[in-house]
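The chain is numbered in sequence order, starting from 1. Both counts, for ligands and for their atoms, begin at 1 and track the order of listing.
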Amino acid sequence: MSRMFTVINEEFECLNCKTQVKPLAQGSCRNHCPNCFHSLHLDINPGDRAANCGGMLVPIGFEEHKKKGHMVIHRCQACGHVGRNKLAFDDPVQPDSFDEMVKLIQKFSYQQF
Ligand SMILES: [Zn+2]
Ligand SMILES: [Zn+2]
């Protein structure tokens, strides 16, 4: 069996808030919860599931790119890896919560990372 065709854009349950996270409709790989933006450290590049860590990726900030739009910045609780993942506020199935992002940004503005 080749792993080349493994479906990686799959539904999963968020370990932080228990949201059932559905795959993105647009074919890109979601690796975070649209409600609380937590994720698991499974990827080296988005969707490749090549990291053997499995630690909880906690959102530590957000960025806005001119081309890519909004990105969430994660830090792994287990190994300290910092990574980014694109947000999808326009996903027709289960968009990322813009309101929750705003709440987190307000919270982060009082903390130094
Ligand atoms: Zn969540
Ligand atoms: Zn990790």
Side-chain angles (χ1 to χ4, degrees):
M1 288 288 284
S2 168
R3 286 178 54 83
M4 280 182 65
F5 300 107
T6 304
V7 177
I8 50 173
N9 197 14
E10 61 201 1
E11 186 169 318
F12 63 95
E13 185 184 87
C14 175
L15 293 177
N16 184 60
C17 71
K18 305 299 178 200
T19 295
Q20 286 295 325
V21 183
K22 293 187 167 30
L24 281 182
Q26 294 164 341
S28 66
C29 286
R30 157 136 54 204
N31 71 0
H32 63 265
C33 171
N35 183 50
C36 71
F37 306 106
H38 282 63
S39 183
L40 286 177
H41 189 194
L42 300 174
D43 301 339
I44 293 175
N45 295 304
D48 65 8
R49 297 298 184 260
N52 288 318
C53 177
M56 176 96 73
L57 287 172
V58 179
I60 59 167
F62 294 91
E63 285 181 346
E64 193 174 354
H65 282 241
K66 281 188 181 128
K67 282 185 184 166
K68 293 180 179 175
H70 287 87
M71 314 273 287
V72 57
I73 307 168
H74 287 129
R75 184 163 59 202
C76 179
Q77 279 187 328
C79 73
H81 165 86
V82 173
R84 286 163 174 74
N85 193 226
K86 192 179 177 327
L87 296 174
F89 300 115
D90 56 351
D91 186 72
V93 177
Q94 195 176 31
D96 288 313
S97 171
F98 192 84
D99 291 345
E100 291 301 322
M101 181 185 79
V102 170
K103 279 187 209 164
L104 277 174
I105 288 172
Q106 287 167 350
K107 194 177 127 195
F108 292 148
S109 67
Y110 297 104
Q111 297 176 27
Q112 279 293 335
F113 286 98

- Does H81 reach the main-chain N or O of G55 with its side chain, forming a donor-acceptor pair under 3.5 Å? no
- Query: Of the backbone and side-chain N, O or S atoms of H38, does one lie nearer to the Zn ion (ligand 1) than 2.8 Å?
  - Reply: no
- Opening angle between SG in C14 and SG in C17, taken at the Zn ion (ligand 1), to 10 degrees: 110°
- Taking C-beta and beyond as the side chain, do D96 and D91 meet within less than 4.5 Å on heavy atoms? no
- Item | C36 backbone acceptor or donor facing H38 side chain under 3.5 Å | yes
- Message: If I take the Zn ion (ligand 1) as the centre, what angle separates the SG atom of C33 from the SG atom of C36? Nearest 10 degrees is fine.
- Response: 110°
- List in chain and number order the residues that pass salt bridge (charged side-chain N to carboxylate O under 4.0 Å, His left out) with E13, two or more places apart in sequence or in another chain; answer none if no residue qualifies. none
- Task: Please test V82 against I73 for side chain to side chain contact (heavy atoms under 4.5 Å, CB included), starting from the C-alpha separation and ending with a verdict.
- Result: CA-CA 7 Å; V82 173; I73 307 168; 3.7 Å; yes
- Task: Give a yes or no on whether the backbone of C33 and the side-chain of Q94 come within a donor-acceptor separation of less than 3.5 Å.
- Result: no
- Query: Under 2.8 Å from the Zn ion (ligand 2), which protein N/O/S atoms are there?
  - Reply: H41 ND1, C53 SG, C76 SG, C79 SG
- Item | Heavy-atom side-chain contact between L57 and H32 under 4.5 Å | no
